[in-house]
Amino acid sequence: MDATTIKPSPTLSLPWKTRILLTIITTVSDAAVRKNGTINRRLLNFLDFRAPATPKSAKSVTSHDITLDKTRNLWFRVFIPTKHANEPLPVIMFFHGGGFVFLSPDVLAYDAVCRRFARTVPAIVVSVNYRLAPEHKYPAQHDDCFDVLKFLDDDLDMSKSMLPKNADLSRVFVVGDSAGGNLAHHVAYRACGFDFKRLKVAGVVAIQPFFGGEERTDSETRLEGTPIVSVKRTDWTWKAFLPQGEEFNRDHPIVNVSGPNAMDISKIDFPPTMVVVAGFDALHDWQKRYYEWLKKSGKEAYLFEYPNMCHAFYIFPELPEAGQLIGQVSEFIRKR
Ligand SMILES: *[C@@H]1O[C@H](CO)[C@@H](O)[C@H](O)[C@H]1NC(C)=O
Ligand SMILES: *[C@@H]1O[C@H](CO)[C@@H](O)[C@H](O)[C@H]1NC(C)=O
């Protein structure tokens with residue numbers, strides 16, 4: 001089924017289960033935001049469902065956690081598909097969403113998504129626990145994610161290697177949704193200017209990436225009240241994330257990625273990029289601008305549209321579109 005052939009329906013229609021989950025997520029996240037700009041992490045923990053690593057195979061995938069730097073709690077979870085041990089596999093560097101403020105690789109939903117990628121692509125998936133705002137401001141998140149790439153590139157001792165022997169570091173894909181999509185783009189950009197020994201970023205998958213600006217786009221105004229994203233929430237998140245003195249600088253190149261201070265990517269070898277957007281995502285217009293900017297800069301970019309879906313739809317396995325997207329990501333990766 002081709003996503004672009006589906007006619008948009010006038011209102012967002014989701015199964016009850018998904019709607020209830022979305023309501024819980026938004027209610028708890030909103031309640032955890034204190035008036036003084038900090039986050040009540042204890043309240044979040046109370047409703048956080050965590051999945052432990054599974055050294056024994058679960059759904060044909062094993063997983064384990066590796067700590068790189070205790071001082072900044074930098075660790076990642078590795079997912080290994082058990083049925084492909086004898087063939088070289090691409091590596092997915094996965095960055096979870098949550099507005100740079102919430103969530104982690106061991107949250108049930110993201111553990112399940114990574115497991116699904118590992119099994120379906122198939123690929124070795126490395127899901128990074130980066131530091132969160134507002135406790136840690138930009139560039140902590142981007143530094144953490146990029147550092148994992150450097151660590152893996154330096155990890156030459158195969159006998160004690162952090163990844164299985166069949167991990168092919170010449171085919172690394174940076175993949176993320178929402179804030180993780182922002183990370184995927186910027187980490188790929190940094191990788192373009194770095195001299196790796198053997199690692200190569202072969203592609204970017206930006207699923208509903210979190211970009212923005214001061215300007216209110218049509219989708220932001222029109223889709224007020226759709227799940228998860230609202231102007232009030234994104235305003236708060238950018239302020240929590242941007243460093244002191246720049247809290248209100250929405251023309252920051254990390255935020256307004258294609259705006260007036262955009263990095264010039266026209267002359268660099270930026271990897272092929274897959275951009276996923278949804279019709280009921282208030283961030284839709286920013287994401288589409290991102291795609292258009294990639295094209296205008298002469299880059300290989302592919303747009304995948306889901307007219308009837310909302311922000312973060314693909315973490316809900318009960319939606320057929322979630323499976324469809326995992327399939328499209330698999331195809332994008334297998335082709336390269
Ligand atoms: C914000 O409020 C919380 C709870 O009321 C308090 O524990 C915390 O110290 C405050 N932080 C700042 C930076 O004011
Ligand atoms: C961000 O970039 C867009 C172009 O994509 C521009 O129209 C807009 O004015 C910029 N700035 C802000 C603060 O939104």
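Just so it is clear, the values below take in all heavy atoms, side chains as well, and ignore hydrogens, waters and symmetry mates. Every number for a ligand or one of its atoms is a count from 1 in the order of the listing.
With hydrogens left out, the protein atom closest to atom 9 (O) of ligand 1 is N36 ND2, 4.9 Å, a heavy atom. Among all protein heavy atoms, the one lying closest to atom 5 (O) of ligand 1 is R34 CD, 4.2 Å. Nearest protein neighbour of atom 6 (C) of ligand 2, counting heavy atoms only, is E215 OE1, 3.6 Å. In terms of protein heavy atoms, atom 4 (C) of ligand 2 is closest to R289 NH1, 3.8 Å.
Seen from the ring of F196, R198 does not count as a face-on cation partner, given the 6.0 Å and 45° thresholds. With W236 as the aromatic partner, R233 does not meet the cation-pi criteria of under 6.0 angstrom to the ring centre and within 45 degrees of the ring axis.
Within a 4.0 Å radius of atom 11 (N) of ligand 1, the protein contributes at least one heavy atom.
Taking every heavy atom of G213 and a limit of under 4.0 angstrom, the matching atoms of ligand 2 come to 14 (O). Atoms of ligand 2 found under 4.0 Å from any heavy atom of N256 (numbered from 1 in listed order, with element): 1 (C), 2 (O), 3 (C), 8 (C), 10 (C), 11 (N), 12 (C), 14 (O). Atoms of ligand 1 lying under 4.0 Å from at least one heavy atom of T38, given by number and element, are 1 (C), 11 (N). Every atom of ligand 2 is numbered from 1 in the order shown, and the set under 4.0 Å from a heavy atom of S258 is 5 (O).
Here W286 has side-chain heavy atoms under 4.0 Å from ligand 2, and that is the only part of it that gets that close.
Taking the centre of each ring, F194 and F146 come in below the 6.0 Å mark. Remark: aromatic rings of F210 and W238 are close, center separation under 6.0 Å. Between H185 and Y290, the distance separating the two ring centers is shorter than 6.0 angstrom.
On a distance-only criterion, R250 and ligand 2 share no N/O pair closer than 3.5 Å.
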Please evaluate residues Q287 and Q208 with respect to the criterion side-chain contact (heavy atoms from CB on, under 4.5 Å), reporting the C-alpha separation (whole Å), side-chain torsions for both, the decisive distance (0.1 Å), and the verdict.
CA-CA 7 Å; Q287 295 159 349; Q208 306 182 279; 3.5 Å; yes
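Ionic pairing of D111 and R115 is present here: one or more N-O contacts between side-chain nitrogen and carboxylate oxygen are shorter than 4.0 angstrom.
Pairing each heavy atom of P271 with each of A188, the nearest pair is CG-CB, 4.3 Å.
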